[in-house]
Amino acid sequence: MARLFATESFGFRARALYGVYAVTVSVGICLVLYGRAVGVLSRAAAGEAGSEAWLWLGMLAAELWFGLCWIVAQSVRRGPVRRRAFRDRLAARLGDKLPCVDIFVCTADPRSEPPIMVVSAVLSVMAYSYPADKLSVYLSDDGCSALTFYALWEASRFAKLWLPFCRRHSIEPRSPAAYFSETDAKLRAGALCSAEDWSLVKESYKEMTERIDSAVMLAKVPEEIKAMHKGFYEWDSSEVTSQNHQPIVQVLIDGKDRSVVDNGGSMPPTLVYMAGEKRPHYHHNFKAGAMNALIRVSSVISNSPIILNVDCDVYSNNSDSIRDALCFFMDEEMGHKVGFVQYPQNYTNLTKNDIYGNSLNVINEVELCGMDGVGGPAYIGTGCFHRRDVLCGRSFAEDYKHDWDDTGITAAKPQERIDEIEEQAKSVASCAYEASNTQWGREMGVKYGCPVEDVITGLAIQCRGWASVYFNPQRKAFLGLAPTTLAQTLLQHRRFGEGNFSILLSRYCSVLFGHGKIELPLQLGYCIYGLWAPSSLPTLYYVIVPSLGLLKGIPLFPEITSPWSIPFVYVSAATYMYSLYEALSSGVTVRGWWNGQRMWIIKRTTSYLFAMIDTVSRLLGLSAMAFAITPKVTDEDQSRRYGQELLEFGASSTSPELVIVAATALLSLVCLAGGLSWVLASGCGSTSCLSAFCLQIVLCGALAAVNVPVYEAMLLRKDRGRMAFRVSVAACFGLVLPACLIWVNVF
Ligand SMILES: *[C@@H]1O[C@H](CO)[C@@H](O)[C@H](O)[C@H]1NC(C)=O
Ligand SMILES: CC(=O)N[C@H]1CO[C@H](CO)[C@@H](O)[C@@H]1O
């Protein structure tokens, strides 16, 4: 029987070339470390320059760490694979005998995630080309906001116009916001529909947007609308706040009810609003708690065997994605092993040169493919299809066979009225339910207690024997919104860094937890992200100490004329060339790569530093876990600068992150200028001096070059996104100047 999917290897065009690269760089790293160790010993033995030996020891430690990170990163670079799905074979085999699918959309806060954006995400997944009676869409509102409920209610009405329109004209993408943001002429040409039909839908979308936006602005649902759905009465009591409220489950559309017919004469999918109960004395576990409540609520309402979850800032860009994903689950030979199918996280609103290095291209195009080659990608929390069984804690067994015929409630409980189902669903979304059923968050559902709960959940699934599949089609299936300011980017990475580092330190550390259950390269693959946060210290050392050394005339690298400098030069040149190659082959521009290098340093010296401090202080019990949502709102002015690829420092903001960015940038510049003038004015009068400081000058010069946009923001720019004057002053007089003075006088 023909397979439903194919797997092929790809990668460095000539595998042999990759082998040469990997072997020579490994040898180079060993020589660097050896040369460094010899240098430390000889300086220690020389005695009189005692402090120099300590500085060399610090360099040795940093280089050991970078070498370790490099080796870990190679674990997923040896055999990346790509998957293809044969949707037409699936159709030929199954016809319309498809399994039911539940789709979970999670939102948390109507201020940072505007309801109109959530509505577009929901509409885009409701519009999948899939039998509507087999599709159920659930929105979890962790902010328990009447405004979000109102927006969803509006969406349930607009869906009756939108879904038949999508189907009639096969339009793509099926998020109305994304669709109507294209120019009219282009759309009309693509959609091939009558002008009246088209303007009717467009007008109606515009009106809905205005109603929702004005309700959000007034922070109030219009009185006359409240009477139109019983769900609004859930917010009548003044006791309902986002942190303290009863469980709310409202079925807005019952897709099984044949009397609900959309304007095109066919049924829309089921649409459910849920806000899991929150009480001050119960821990609600953030998104993981919401996901688990969704799993239970949906088991009462539709109980589909396949679950897709997406974030609320993501929309579906391909109405056939469900069928693609099913090819992996339903393949006769391998399908029964597949626990989840992960799609990459792609963004719509990246600028050409990706100023904040947010594209995740290398992760999407290289690392996740590499993990797939050695056992399966991590679960990254959005754009992922799971088996319900797997999410609920089932272990894999060789004889596992899913009976696709009898799962999901298509017409079950016809005698039960919606109200009864809602009551039942509310009881499983209550705090008391989890308190009495303590396996949730541990053995069942998404795991609790970590800011990146998705990753450990996926790891545990793989450790229970399931394979996972990474599917990265040419045409992207899900498109989300990337952070568009520096502050948002740094916040997001602080959370990533903290989450992955706490996994590394917890009992879920992939090397311990996965030992004997998943392959070693996959165990190491998970560590790549865990090493981000602790990398902050060696990076800071490398950014600060060689620059200061140059200022004072302390050589920290071998002389360029000595053979020991060769491995330094080779390892840096080869790894940077390879990283450029990897970036270019993943669709990043050269400037994008360069911007990525700047962000690499900024993230490591700020986000990951704070991530590490947060993690350690949490482990010591000094602070509790927080879950920072990256806001998806920017003002027009900021968007314009984002479009122009100007770094956004927010002229009035003065966070410690910004002071560090300014200080490290300034330090490189000051030390480069000071060092160069000193060397060129022949502070030591010969070429041997230049030779001793050559590598340090190159490093310091590269740091200064990569920071040029930071200097511009501090000194030249006039717009509202420049660096605040106070930040520059604080960095200059609070950090850089004292550091230089102390350094010059002490060492
Ligand atoms: C999104 O889908 C459209 C087709 O509707 C396609 O042309 C486009 O390339 C897709 N976007 C991405 C980023 O793949
Ligand atoms: C929501 C959001 O931030 N959208 C932005 C995406 O990026 C473009 C520029 O490329 C901005 O104009 C949008 O405002």
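Along the sequence shown, residues carry numbers from 1. Just so you know, these numbers come straight off a predicted model, no measurement behind them. Counting starts at 1 for both ligands and their atoms, in listed order. All values below were derived from every heavy atom in this structure, side-chain atoms included, with hydrogens, water molecules and symmetry-related copies excluded.
- In summary, E154 and R211 engage in a salt bridge, as defined by a charged side-chain N under 4.0 Å from a carboxylate O.
- A perpendicular orientation is assigned to the rings of H493 and F496, their planes being inclined by more than 60° (bins at 30° and 60°).
- Residue-ligand proximity, E172 to ligand 1, at heavy-atom distances under 4.0 Å covers atoms 5 (O).
- The ligand atoms of ligand 1 that sit less than 4.0 angstrom from a heavy atom of N317 are 1 (C), 2 (O), 3 (C), 8 (C), 10 (C), 11 (N), 12 (C).
- Protein heavy atom in closest approach to atom 4 (C) of ligand 1: R475 NE, 3.7 Å.
- Taking a distance limit of 4.0 Å, we find that atom 11 (N) of ligand 1 is approached by some protein heavy atom.
- Atom 14 (O) of ligand 1 has K476 N, 2.9 Å as its closest protein atom, hydrogens excluded (heavy atom only).
- Between E367 and R77 there is a salt bridge, with a side-chain nitrogen of the basic residue lying less than 4.0 Å from a carboxylate oxygen of the acidic one.
- The aromatic rings of Y138 and F104 sit perpendicular, their planes meeting at an angle over 60°, well past the 30° parallel limit.
- Under the 30°/60° scheme for interplanar angles, the aromatic rings of F478 and Y343 are found to stand perpendicular.
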